[in-house]
Colleague: 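Structure in structure tokens, see below.
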Amino acid sequence: MTQNNLFAALRAAFPSDLSSVAVQTDDGLEYSWHDLDRATAMMANLLASLDLPEGSRVAVQVEKSVEALILYLATLRAGYVFLPLNTAYQSAEIEYFIGNAEPAVVVCSGANFGWVNKIAFKAGTQHVFTLNEDRSGSLLDRAALQSDRHTPVQRRADDLAAILYTSGTTGRSKGAMLTHGNMLSNALTLKDYWGWTATGGPTGQGDVLIHALPIFHVHGLFVAIHGALINGSKMIWMAKFDPKRAIGFMGQATVFMGVPTLYVRMLAEPSLTPAAVRNMRLFVAGSAPLLIETFTEWQQRTGHTIVERYGMSETAMLTSNPYAADKRYAKQSERRGGTVGFPLPGIDLRVQGDDGKKLPVGEIGAIQVKGPNVFKGYWRMPEKTAEEFTPDGFFKTGDVGKVDERGYVTIVGRSKDLIISGGYNVYPAEIEGYINDMKGVAESAVIGVPHPDFGEVGVAVITLKPGASVQPESVLAELKAKLANFKIPKRCFVVPELPRNTMGKVQKNLLRDQHKGLFAS
Ligand code: MCA
Ligand code: AMP
């Protein structure tokens with residue numbers, strides 16, 4: 001069998017000088033390529049020593065650290081399936097993910113061990129380890145006893161490498177199953193498309209990435225980490241994004257990736273000048289729409305044009321504005337603000353009308369995609385998986401858009417009821433479910449409205465049962481006790497009734513219109 005383990009491909013791209021720096025943290029620590037190799041071997045040996053069944057899931061909810069990165073790579077190396085969880089998730093959310101995924105191993109922070117351990121025990125998990133930001137915890141204690149030699153486990157391209165939970169219209173999270181082949185194909189495509197180099201450049205060491213995003217979603221975990229590692233590039237590792245510090249690192253780096261909020265926050269810093277970004281080669285934005293104002297202001301302030309790209313948990317990256325001339329599109333090299341660029345090489349993208357037929361150039365419809373990057377399906381949900389694919393094998397993204405005569409793709413909206421806030425997805429149906437269960441509430445509608453920092457934020461509009469008295473603040477406080485903080489609507493309004501169409505469906509567009517100016521900057 002050919003070795004298709006993603007880790008093996010990343011390891012093969014390590015530079016020949018293993019003593020050079022692979023990761024430099026924002027608090028001054030340095031990890032060499034040799035350190036990454038040894039530490040992932042030790043952790044992979046620890047996982048191997050647990051005698052886990054084939055295909056076991058390793059669920060991880062820990063703060064961002066290089067050790068957390070090592071745990072991800074070690075899970076790949078050992079041939080198991082990585083399941084990252086947002087650190088903001090609270091117990092009810094974690095209980096659902098662990099109950100649904102039934103991981104064999106759970107890794108959490110020492111501070112959360114008490115409640116996470118109970119949830120894991122209930123789900124039949126045999127091993128719960130801790131890993132803290134300060135490089136302590138039982139995971140590292142146990143890994144330290146292992147050998148630092150390990151041969152990556154043989155994996156086929158079609159074998160699972162990770163499960164990322166993401167929701168559809170129902171608000172119930174589904175685990176998107178990504179394979180070693182999905183991720184390697186995407187990493188290799190982007191390496192080429194974004195012109196990564198392993199040598200030379202202003203720093204003399206090829207590209208250097210500022211890693212500023214969380215590592216529990218596609219953007220930070222796959223696009224950024226795989227991008228750097230498959231090129232043997234050093235990462236400057238920020239445990240938490242800070243605009244001033246990120247700009248400060250730009251003198252030593254060449255590539256930055258961020259959600260639009262990060263760009264908005266850096267633009268508010270006077271230190272963002274052409275001199276500060278003189279060594280930078282590439283700025284990538286995605287995960288949420290980049291406002292044309294942000295795109296233009298960035299160009300004016302720095303002289304650099306952001307490369308906006310578009311992707312999903314189910315597919316990794318799908319399209320990108322060109323870095324260099326794209327031969328397939330009449331050598332177009334223009335990065336067009338407001339568009340997400342061209343389908344990446346090897347990815348088929350089409351826009352379909354309501355009648356299921358492909359629409360002509362410029363017409364708006366449902367975006368569907370096909371390619372080696374498209375996931376294997378939703379974890380233990382064969383019917384849901386089948387529903388999301390067309391008979392000829394295209395995945396229905398739930399995004400609505402168009403392709404122009406030059407081939408540029410523009411996303412104009414979403415058919416799924418989803419709010420993207422600061423790059424995090426918030427599913428109105430999930431929040432509405434919680435609000436509707438509250439005492440005195442008759443019904444609710446959660447809508448997304450424009451916000452100068454987060455792009456979009458949630459607002460709850462609720463009606464009450466006859467005679468009930470409920471304060472909007474108490475609704476938000478009750479939600480805060482149960483859900484991840486970024487999901488909490490920023491405002492709540494009590495109204496006599498929700499607007500409905502003749503079919504009785506709540507007209508969220510009217511509510512969005514009514515509240516669109518709430519956070520006008
Ligand atoms: C924090 N808060 C938020 C958000 N983040 N509210 C709405 N939306 C958010 N995204 C609120 C908290 O609830 C809290 O409110 C207050 O802000 C401070 O929280 P803190 O955690 O300190 O915030 P922060 O550090 O300033 O975080 C903002 C952030 C972060 C850096 C923009 O949200 C972030 O890292 N976003 C990136 C997400 C990402 O990586 N997405 C990629 C998904 P209170 O005090 O009231 O509790 S991958 C993807 O989408 C696809 C596949 C793709 O194409 O890439
Ligand atoms: P996720 O559920 O985290 O996988 O988020 C995927 C969704 O993020 C996509 O279906 C899009 O709706 C959205 N998205 C990602 N990148 C962009 C972008 N550049 N512009 C607009 N929307 C985007």
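Counting starts at 1 for both ligands and their atoms, in listed order. The figures that follow rest on heavy atoms only: side chains count, while hydrogens, waters and symmetry mates do not.
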Colleague: How would you list all residue pairs meeting salt bridge (Lys or Arg N to Asp or Glu O under 4.0 Å) that involve residues 81-100, not counting sequence neighbours?
Modeller: Glu93-Lys487, Glu95-Lys122
Colleague: Got a protein heavy atom sitting under 4.0 Å from atom 49 (C) of ligand 1?
Modeller: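 Looking at atom 49 (C) of ligand 1, one finds that a protein heavy atom does lie closer than 4.0 Å.
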Colleague: If you scan the protein for heavy atoms around atom 15 (O) of ligand 1, do you find one that is closer than 4.0 Å?
Modeller: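 For atom 15 (O) of ligand 1 the answer is no, since every protein heavy atom stays at 4.0 Å or beyond.
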Colleague: Regarding ligand 2, does Thr397 bring an N or O atom to under 3.5 Å of one of the ligand's N or O atoms?
Modeller: no
Colleague: Please verify whether a non-hydrogen atom of His217 lies at under 4.0 Å from ligand 2.
Modeller: no
Colleague: Please identify each residue that fulfils ring-ring contact (aromatic ring centres under 6.0 Å, His included) with Trp298, with sequence neighbours left out.
Modeller: Tyr263, Phe283
Colleague: Between ligand 1 and Lys240, is the shortest N or O to N or O distance under 3.5 Å?
Modeller: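 Yes, Lys240 has an N/O under 3.5 Å of an N/O on ligand 1.
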Colleague: Does Ser287 have a non-hydrogen atom less than 4.0 Å from ligand 2?
Modeller: yes
Colleague: Looking at ligand 1, does any of its N/O atoms fall within less than 3.5 Å of an N/O of Gly422?
Modeller: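 Indeed, backbone or side chain, Gly422 has an N or O that close.
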Colleague: Do ligand 1 and Ser287 have nitrogen or oxygen atoms that lie under 3.5 Å from each other?
Modeller: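 Yes, Ser287 has an N/O under 3.5 Å of an N/O on ligand 1.
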Colleague: Output the list of atoms in ligand 2 that are nearer than 4.0 Å to some heavy atom of Tyr427, sorted by atom number.
Modeller: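 Ligand 2 atoms under the 4.0 Å threshold to Tyr427: 2 (O).
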Colleague: Does Val457 have a heavy atom less than 4.0 Å from any atom of ligand 1?
Modeller: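 No; Val457 lies far enough from ligand 1 that no heavy-atom distance drops under 4.0 Å.
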Colleague: Using 30° and 60° as the class boundaries, would you call the ring planes of Tyr378 and Phe375 parallel, tilted or perpendicular?
Modeller: perpendicular
Colleague: Answer yes or no for atom 18 (C) of ligand 1: protein heavy atom present at a distance under 4.0 Å?
Modeller: no
Colleague: What is the nearest protein non-hydrogen atom to atom 2 (O) of ligand 2, stated with its residue, atom name and distance?
Modeller: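 Answer, as residue, atom name and distance: Asn425 ND2, 2.4 Å.
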Colleague: Which atoms from ligand 2 have a heavy atom of Glu308 less than 4.0 Å away?
Modeller: 18 (C), 19 (N), 20 (N)
Colleague: Is Ala285 touching ligand 2 with its side chain, its backbone, both, or neither, if touching means heavy atoms under 4.0 Å apart?
Modeller: neither
Colleague: Answer yes or no: is there a donor N or O on one side and an acceptor on the other, between the side chain of Asn436 and the main chain of Ser444, under 3.5 Å?
Modeller: yes
Colleague: Heavy-atom contacts under 4.0 Å between Ile420 and ligand 2: side chain, backbone, both, or neither?
Modeller: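 The answer is the side chain.
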Colleague: Compute the minimum heavy-atom distance from Ser313 to ligand 1 and say whether it is under 4.0 Å.
Modeller: yes
